[in-house]
Protein chains: 2
Amino acid sequence: MLSFTEENYIKAIYHLSDAGQLAVSTNDIALHLQTKAATVTDMIKKLANKDLLAYEKYYGVSLSKKGKNNALSIVRKHRLWETFLVEKLGFQWDEVHEVAEQLEHIQSNLLIEKLDAFLGHPETDPHGHPIPDKNGKVKQIKQFSLSQGKNGHKYIVSEVKDGSATFLQYLAKHDLYPGVTIQIKEILPFDGSMVVQLQNKQKVTLSKATSEKILIKSNE
Amino acid sequence: MLSFTEENYIKAIYHLSDAGQLAVSTNDIALHLQTKAATVTDMIKKLANKDLLAYEKYYGVSLSKKGKNNALSIVRKHRLWETFLVEKLGFQWDEVHEVAEQLEHIQSNLLIEKLDAFLGHPETDPHGHPIPDKNGKVKQIKQFSLSQGKNGHKYIVSEVKDGSATFLQYLAKHDLYPGVTIQIKEILPFDGSMVVQLQNKQKVTLSKATSEKILIKSNE
DNA sequence: ATAAAAGTTTAGATTAATCTAAAAAAAGAA
DNA sequence: TTCTTTTTTTAGATTAATCTAAACTTTTAT
């Protein structure tokens, strides 16, 4: 069984490697976990000894199959807890992250399976991130950035790529959540900002920077 | 903020001292926490420095006001989580303890207040233990042991004094939970065992040892 | 191609929580 | 009361996770 700290390293590496695709550098991990490179070197040696990752001196690490499975289990727990906090306890979606960071380390398969059932086996969390299933399978949705959407077309918001409280609060104010249907009404050529209409007919103007951080999927 | 370990010591001392009434010995704490007396001595020195308890060498410890408040907050969290696990996730009442031992250490006031509201501000957990309120106030119920009940009288089961899985499973099999109304039908003079009738008219014979571990309160 | 910069590792310490073994104090028994 | 037993504390180590400073590798720039 992994310690709290080991789990955090595995999760960080998973995210930084884009779900285990690419190798991750010592400094990236240190930055992400707000710790020092020397500390990271020590820890990745330990994780390498446990066969959770492959480590080549000076060339970073990449997760093993076992490491990826561990990461997926932690991500699953994190996202189920976030869903619980928002759907059942009424948290704002910008308030959930820190608490879920703690809850994801609770060790109990029974708990997580019962929580999953209680939530109705959700496929995505409140930010639109897919929740890995019990076996670590992640359902991939065909999605792309809102900035690539076409004028006049309707889409469903599927995910937001920025978890900062200010950004999430901004979106919340304009009722932009995963699951919401939007239609692109206008794309301004000079700065790439766009006007989108919500279900309730309200229109919002989004800067290019913002529309790049919102992912959408086709309207079926 | 207290560490996981510090919280466990404070909670153990709280329970062993009967809610902070009496002093607790080093050995009792070591036994309860499955650790060594030397370790306990070190830790209580640390907790004494933080003004969580009063420590007199060779004469044990007693919780300070601050220590008691901390303990009550942990107990509150533990019991709210147990209630959640049983009421919302469908855990059996003998399965909840270990998981609640982990959940009680999650740090978030918002979480615990929202959980409390979600559960409808329960006054007792599934074992009938009172849940301290936000301010640490514990509602005391006038209760006594079933073994002291009178023949023919009706009572409500209010608490069970043994948390072992086997005992709880035994009670569950006979539908004996806090909140259930029972009537004493017969008390056998030679061994003190008694026959009680449940709401559904079923009768169960309980040994003296068992009836001593079940607490009851008056039927209003 | 080589020197400077950036990134990484090693060496040596530190802190929290734990342990064993030995010393000291308190409690119980003769 | 004095000796034995039990309980508690102290001393000295250990492990996990962290740090700083120095050494070493790789990358970048001139």
Side-chain angles (χ1 to χ4, degrees), chain A residues 1-17 22-63 66-67 70-71 74 101-102 104-107, chain B residues 1-17 22-63 66-67 70-71 74 101-102 104-107:
Chain A
M1 208 166 60
L2 303 187
S3 72
F4 193 98
T5 309
E6 289 170 329
E7 287 197 344
N8 280 336
Y9 273 83
I10 292 294
K11 195 180 75 153
I13 295 165
Y14 178 82
H15 287 312
L16 290 169
S17 68
L22 14 103
V24 180
S25 78
T26 304
N27 255 3
D28 281 357
I29 300 170
L31 219 70
H32 189 87
L33 293 177
Q34 311 236 66
T35 182
K36 297 297 148 86
T39 310
V40 173
T41 301
D42 282 347
M43 181 57 76
I44 61 189
K45 278 183 190 166
K46 189 173 154 192
L47 297 173
N49 277 330
K50 291 191 176 191
D51 292 318
L52 290 158
L53 46 81
Y55 165 52
E56 205 187 336
K57 251 187 176 186
Y58 294 105
Y59 292 92
V61 298
S62 41
L63 288 181
K66 187 174 161 192
N70 269 282
I74 302 163
E101 290 278 298
Q102 296 181 63
E104 72 191 5
H105 300 291
I106 302 290
Q107 303 287 350
Chain B
M1 208 165 63
L2 302 187
S3 73
F4 193 99
T5 309
E6 289 170 329
E7 287 197 345
N8 280 336
Y9 274 83
I10 292 295
K11 195 181 74 154
I13 295 165
Y14 178 81
H15 287 311
L16 290 170
S17 67
L22 14 102
V24 180
S25 78
T26 304
N27 254 5
D28 281 357
I29 299 171
L31 218 71
H32 189 87
L33 292 177
Q34 312 236 64
T35 182
K36 296 298 147 87
T39 309
V40 173
T41 301
D42 283 347
M43 182 57 76
I44 61 189
K45 279 183 190 166
K46 188 173 155 193
L47 296 173
N49 276 332
K50 292 191 178 192
D51 293 319
L52 291 157
L53 45 81
Y55 165 51
E56 206 188 335
K57 251 185 175 188
Y58 293 104
Y59 292 91
V61 299
S62 41
L63 288 179
K66 187 174 162 191
N70 270 281
I74 302 162
E101 290 278 299
Q102 295 181 63
E104 72 190 5
H105 300 290
I106 303 289
Q107 303 287 350

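For the numbers below, each heavy atom of this structure counts, side chains included, while hydrogens, waters and symmetry mates do not.
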If I take atom [atom1] in residue [X] and atom [atom2] in nucleotide [N], what distance separates them, rounded to the nearest angstrom?
| X | N | atom1 | atom2 | answer |
| --- | --- | --- | --- | --- |
| B:L47 | C:dA16 | CG | P | 12 Å |
| A:E56 | C:dT9 | CD | P | 10 Å |
| B:D42 | C:dT20 | CG | P | 13 Å |
| A:M43 | D:dT15 | CE | C1' | 12 Å |
| A:N8 | D:dT18 | CG | C1' | 14 Å |
| B:K36 | C:dA21 | NZ | C1' | 12 Å |
| A:L2 | D:dA16 | CG | P | 13 Å |
| A:N49 | D:dA16 | CG | C1' | 14 Å |

pair [X]-[Y]: side-chain heavy atoms closer than 4.5 Å:
| X | Y | answer |
| --- | --- | --- |
| A:L52 | A:L2 | yes |
| B:L63 | B:N70 | no |
| A:T26 | A:I44 | yes |

Measure from the side chain of [X], starting at C-beta and using heavy atoms only, and say which of [options] lies closest.
| X | options | value |
| --- | --- | --- |
| A:Y55 | D:dT26, D:dT18, C:dT9 | C:dT9 |
| B:Y59 | D:dT10, C:dA26, D:dT9 | C:dA26 |
| B:T35 | D:dT10, C:dC19, D:dT26 | C:dC19 |
| B:Y58 | D:dT8, D:dT18, C:dT9 | D:dT8 |

field: N/O (side chain, B:K57) to phosphate O (OP1/OP2, D:dT8) under 4.0 Å
entry: no
Spacing of [atom1] belonging to [X] relative to [atom2] belonging to [Y], to within rounding of 0.5 Å:
| X | Y | atom1 | atom2 | value |
| --- | --- | --- | --- | --- |
| A:L47 | A:D42 | CG | CG | 11.0 Å |
| A:T41 | A:M43 | OG1 | CE | 11.5 Å |
| A:K36 | A:L31 | NZ | CG | 11.0 Å |
| A:K57 | A:K45 | NZ | NZ | 7.0 Å |

field: Passing option when B:Y9 is tested against B:I29, B:V61, B:L53 for side-chain contact (heavy atoms from CB on, under 4.5 Å)
entry: B:I29
- prompt: With sugar-phosphate meaning primed atoms plus P, OP1 and OP2, does B:T39 contact a base, only sugar-phosphate, or nothing at under 4.0 Å between heavy atoms?
  reply: base
query: If you look at every strand shown and take non-hydrogen atoms under 4.0 Å, does B:F4 touch a base, only sugar-phosphate, or nothing?
result: nothing
- prompt: Name the stems with DNA chain D in them: runs of three or more consecutive Watson-Crick or G-U pairs, distances under 3.5 Å?
  reply: C:1-30 with D:1-30
query: Closest approach of B:A48 and B:Y55, non-hydrogen atoms and distance?
result: CB-CB, 4.0 Å
Contacting residues from residues 25-32 of chain A, given that a heavy atom lies under 4.0 angstrom of DNA chain C: A:S25, A:T26, A:N27
- line: Assert: residue with more 5' nearest nucleotide on DNA chain D, out of A:A38 and A:S3, is A:S3
Criterion side-chain hydrogen bond (donor to acceptor under 3.5 Å, both in side chains) against A:K11, the qualifying member of A:E6, A:H32, A:E104: A:E104
